[in-house]
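Chain letters run A, B, ... following the sequence lines, proteins first and then strands; every chain starts at 1. Treat the numbers as computed from the prediction; the structure is a model and nothing was measured.
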Amino acid sequence: MLRRLLQPQGAALQGVLSHRRAVSGDSLPPLPSQARVVICGGGIVGTSVAYHLAKLGWTDILLLEQGRLGAGTTRMCAGVVSVAKPISIESQMADYSNSLYQQLEEETGVNTGYVKTGSLCLAQNQDRLLSLKRLASRLKVMGISCSIIKPKEISKLHPLVNIHDLVGALHLPGDAVVSPPEVNRALAVAAAGQGVQILERTSVQQVLVERGHVTAVETDRGSISCQYFVNCAGQWGYELGQASEVKVSVPLHGCEHFYLLSKPLQQPLPSNTPVVMDLDGRIYVRPWQGGVLSGGFEKNPKPIFTEGRNQLEVHNMQEDWDHFEPMLSALLRRMPELETAEIRQLVNCPESFTPDMRCLMGETPGVHGYYVLAGMNSSGLALAGGAARYLAEWMVYGYPTANVWALDIKRFGNLQSSRTFLRHRVMEVMPLLYELKVPRWDYQTGRQLRTSPLYDRLDTQGARWMEKHGFERPKYFVPAGKDLLSLDHSKTFYKPDWFDIVGSEVKCCKEAVCVIDMSSFTKFELTSTGDQALEYLQFLCANDVDVPVGHMVHTGMLNQRGGYENDCSVVRLSKNSFFIISPSDQQVHCWSWMKKHMPSEPQLHLEDVSWKYTALNLIGPRATDILAELSYVSMTPDHFPSMFCKEMSVGYANGIRVMSMTHTGEPGFMLYIPIEYALHVYNEVMAVGQKYGVRNAGYYALRSLRIEKFLAFWGQDLDSFTTPLECGREFRVKFHTDMDFLGREALLQQRQEGVSRRLVMLVLEEHDTELDLWPWWGEPILRNQQLVGATTSSAYSYTLERHVCLGFVSAPGGLAPDFVTRGDYEVDIAGQRYAAKAKLYPFSSLLNQQRRRKDQLDLGSLNPE
Amino acid sequence: MPVASQLFRGWPRTKILASSLLPCQHQSHLRPVPHQAPSIHPSLSWRPHPPSRGYRVTPHLHSYTLTPPQVNSILKANEYSFKVPEFDGKNVSSVMGFDSNQLPANAPIEDRRSAATCLQTRGMLMAVFDGHAGCACAQALSERLFYYIAVSLLPHETLCELDAAVEAGRALSPILQWHKHPNDYFSREAQSLYFNSLRTYWQELIDLSSPGEIPDTAEALLNAFKRLDNDLSLEAQVGDPNAFLHYWVLRVAFSGATACVAHIDGSDLFIANTGDGRAVLGVQEEDGSFTAHTLSNDHNAQNDDEVARIRGEHPPSEKKTVIRQDRLLGLLMPFRAFGDVKFKWSIELQKGVLESGPDQLHENEHTKFIPPNYHTPPYLTAEPEITHHRLRPQDRFLVIGSDGLWETLHRQEVVRVVGEYLTGVHQRQPLTVGGYKVTLGQMQGLLEERKARTSSAFEDQNAATHLMRHAVGNNEFGTVDHERLSKMLSLPEELARMYRDDITIIVAQFNPHVIGAQRQEKQS
């Protein structure tokens, strides 16, 4: 029935687009032999990419669609454009999409069915309301208007909603509904108007790659040579990625998605009735032709197309009423009057999901010129405009104009490409869309893929795990005797149940010594026969890496604009070999960044040795004693200064790389242990450490320690739009030399002009740790009541007994030094403002204390002077 | 030995008075303590009347109630399920898979089941065997009959290859892929004996067939049945130098078993039935309900054709005696069976074989017993009745069961229980709104009802187990009564047989899409 309803639109679409097409439907326009860009996929995403590329002046574009334009997920999608997204960049994209779709009709003359209905996110309980309040304050940072409203106001906005069990709602007046196929058509018409060629019924069979670059695309109708290829194949994106000469991993997986169409109600629902998202009921409802359209994200999704595209076609997916029952019940509970509404149809429209609920975009790590925009997690329509705009910028300028790292396909590698993994993970991801997300939740499925050799040992000692890039990392260790069950099941926005556990781990780091397994770090080794390695690194790194052998350097790898592409530690192992330690999720991105800038020099050799080493972090004043005892070598700062690396024996094991730094600003050592020695070294450290009070610790303790000392981490605080000058790391830039390096120009210019934003540390005052909401990230920062930025990470400092947030504040037109030091700062946590003290530098007391204690500290990493 | 004929009357659900009729008492001879067996007999003979169901429950049974998990562990002990693997949409079988299960009443159980896929021809075989007077014959059938059928189905060329491979000592490519529960065992000792008989059979087939000839399935089934019964009889007559084997082949021949075999190849379903097992097809009507379509005839006194056949095969003088009290010669309930040479051999042959048999036979006085009015043997045949059915998309499943099932549940009830289970579990019958006017409220009510029904079937993952639960525990309302189920399952070994028979069930599920496609192909 839906097909019939949509048919006229489809027919009209063909009319508009295919004036080139001959009368008999069978003969297709000839295939051009070349194009600059070939886009595969004529859904809303693909056409939007074509549209935006054309807007930026690239018009030699060919868009290929295997069936009809907008015939896949786009045709059946529910048509809601909402800015209520879990991360800010997605909200930003949705906001842009909204304004794009609004003006599209004017631009193209195609009636897109755009109606600014607004939307209501309902809260059935206080926790949900809190999460909506947090969302609201994040949206306000972006300048999107929204408000938290009371149940009574809901019924004023929507005639059908039953408000008896509601505690409130988030009202987003700007949200809209559209007719997705019409938007698709409008985008296609506009793109075609700019010269984009659109070919239907042409399917891509293979993408040809030569020397790491896309060269041509083979279709069922011949081949087209091209410089750029964009995979917008949606559901089939994974398979298309596999169908490249050099396989490209596009980690997404389909799930069936159901929504219901009703016939017009007796009293037809006005078309401007707000969209309702009853998150606790797992459903959404929008007005549709006088009736309603209602779907949801059930707890037990049905994954589909695991084995690839089999006999099932997207169009004749079966309706499954029994599966829809919980959502129907939720709908009738929310809108009891619908009981008498007649059913028109239950639509089954598969959607594709990714392992972390965020879409996949950007250039693939292995193949230059191969771009992806897919895996929209059922927000394809809402994101298509914004995401395609950023992707187009990325292709045309070489980078997008906003930080899209959270969506960058390079956050994944081949390791997320297993179909089994994807199938299991998306079954968790799809329900999560509407689930209440509390700070620091972890995925439960697809775990234990990469583990350290110590995993079992740590697990039996009570480790609780989190996952980063497929690697299991300990969060904290539950002491024997604690009630494990209650620990695992608590979900809260307030003080978490691990508070005391992490507190004691932190205390142990400060007073004795702790061991943290940090094996997940990305580790590269760079060697050369001559000084090519050094030259290459000097160009890539902002800091001067020409240090004596055995020294290590913290440095950023910057892009042309001076922004951090990576933040790493470089150890000079020998004259011509370097050991590079980067964050775990940099494994793919950093590799591709380094490869991209690597001179084609056969003498230069880069190797990923992440899997070869287990990393143990010994944090605390007594680390020295343990290592000294295990190696019969004096480890005092005189013999082993800070930021120093030595290969030495620990216990029986030889060749352990010991580095005097801890990533926390605390005294201690990192041990990089060849994996076969890992258990031995760990056992020795624990045995010998007994008398020094050694214990296991996890990443939560690490986090607290580093944030209280104002140590920013890449991926959380730093991104490709942050320069060293903006985060107080000028001292890590080799301005003193006239050596050229990537980003130097931009930094020099910025130094001249001064920065307009700055990373600051905010210490919350009058924040009751027990009773108040905890900060997480993304909270607005206010200065003298004015919005000046947002936080990027936060932690409770057990030493300061305060919450510490890191975040950026900006002052358009230049940020004077006293902008930070003078001014009343506040942090807005879910609408509640807390006074905060802003600081540009860490507390010297924290540092002095240590100096007193051990006279040893990697000062270089902390003190700018 | 006074053969108490009233004992038969008092024991209507035993096919034969096993212990007193047979040359061997399997229990007593196999068990290390030979005196255990007689202790059973008093308990059999002191009850002259048929026990009505649940009529007499001894006090100690009353106090002993099983918990639901205990009930489940008993019911699920023998459950087995097989799903035909799918290969990317290709080579899709018309059988999606099958569930099977067994519940013993005799100790040891006398029913057997088999299932296998033919590897050198197409098709799947499933069978239920119901033994009487011991399990030996049923056991032999469960191991051998499928090989006889599979060999009968092989074309001339394959048979020649097979024989050449044996001759040359090469490895044989397997003929059958068995789908066995771990409790379904094969006896190791007799394998070479069985193999030699089978080889003789296929060598004869080679001689009889000609190249290019494709055997007819119905004929193959018929030949296989007759041939195997013949071989059972011959092996017993010839004997074996190995005393144990000799004793074994005699036990096989003197015990008996019925067989109900299904051969499914694409949309062709063949049932070969000998005895009172039964195969019933579950047909889904357009309104979603299920009706039973019986594919086999019971060979017993309730079947007038069978009564006429038997009377016709013997002189009019025996008209009164050949069937008495609904039993063959007043003794045997099924009118067709494998083994049971006491009803097939001449008196001289029986005496001759027994005299030359191993000593164990002579210890048992009953071996010498000859059925009364035994004038014109054979009285019994293993020849099957063969039914062919072209599967239609509405044919959803096939239930093959031993008489233990059909005695407790009407076939219509069987089909209803299985049908609702399958649709509930797999929600195979999707709801569609179609052109009807349905409101959201009505739909919700409907779905909630379906959900409630599903959750009751949720306990079982196996359709056969679910059916068994109903067969044993159904109350007058057609729903499972836990108390009743618990009592029936907690009966002590020696009492169980009075309240219920061994039950064996196979439920094969068809793939309507494949069947529909194949029918279209054939028609075009």
Side-chain angles (χ1 to χ4, degrees), chain A residues 1-2 4 160 239 256 258-266 269 281 283 285 291-295 298 300 302 305-313 316-348 419, chain B residues 83-94 96 284 287-289 393 396 419-458 461 511-518 520-521:
Chain A
M1 186 172 289
L2 185 72
R4 207 191 63 225
L160 296 177
E239 284 174 289
E256 293 179 42
F258 295 91
Y259 64 79
L260 170 89
L261 294 173
S262 83
K263 292 182 183 165
L265 308 187
Q266 279 193 327
L269 201 61
I283 52 157
V285 190
V292 295
L293 179 162
S294 171
E298 62 274 24
N300 53 336
K302 294 166 80 180
F305 305 130
T306 306
E307 306 88 355
R309 176 177 207 166
N310 41 24
Q311 62 270 59
L312 292 164
E313 283 290 339
N316 40 29
M317 300 293 307
Q318 283 185 342
E319 57 191 327
D320 186 343
W321 277 102
D322 296 290
H323 191 73
F324 194 71
E325 188 271 335
M327 289 173 272
L328 179 59
S329 298
L331 174 65
L332 293 180
R333 193 162 55 244
R334 187 54 50 221
M335 301 182 182
E337 286 166 50
L338 288 180
E339 235 171 62
T340 54
E342 264 181 55
I343 294 167
R344 172 168 251 156
Q345 199 193 2
L346 184 67
V347 181
N348 180 355
R419 287 312 271 170
Chain B
K83 293 259 168 300
V84 175
E86 283 182 28
F87 303 103
D88 199 28
K90 277 171 287 186
N91 189 20
V92 190
S93 159
S94 58
M96 290 205 280
Q284 190 163 34
D287 65 357
S289 67
R396 291 309 169 100
E420 285 183 4
Y421 171 80
L422 292 177
T423 49
V425 165
H426 309 295
Q427 293 162 358
R428 264 296 117 79
Q429 182 56 36
L431 278 177
T432 45
V433 180
Y436 299 104
K437 280 190 172 184
V438 186
T439 68
L440 296 183
Q442 287 167 336
M443 181 54 95
Q444 188 194 20
L446 193 60
L447 293 176
E448 269 170 5
E449 193 187 304
R450 278 164 71 100
K451 199 166 79 173
R453 233 187 304 155
T454 312
S455 56
S456 78
F458 189 66
Q461 275 85 50
N511 189 341
H513 305 292
V514 173
I515 289 170
Q518 283 180 347
Q520 280 180 356
E521 255 171 53

Gap between atom [atom2] of [Y] and atom [atom1] of [X] - 0.5 Å precision:
X	Y	atom1	atom2	value
B:Met443	A:Leu328	CE	CG	8.0 Å
B:Gln442	A:Thr340	CD	OG1	10.0 Å
A:Trp321	B:Gln444	CH2	CD	11.0 Å

Is it the backbone or the side chain of A:Leu332 that comes under 4.5 Å from a heavy atom of chain B, or both, or neither?
-> side chain

Side chain, backbone, both or neither: which part of A:Leu260 has a non-hydrogen atom closer than 4.5 Å to chain B?
-> side chain

Side chain to side chain donor-acceptor pair (under 3.5 Å) partners for A:Glu325, two or more places apart = A:Ser329, B:Lys451

Give the C-alpha distance, both sets of side-chain angles, the deciding distance and a yes or no for side-chain contact (heavy atoms from CB on, under 4.5 Å) between A:Glu339 and B:Leu440.
-> CA-CA 5 Å; A:Glu339 235 171 62; B:Leu440 296 183; 5.7 Å; no

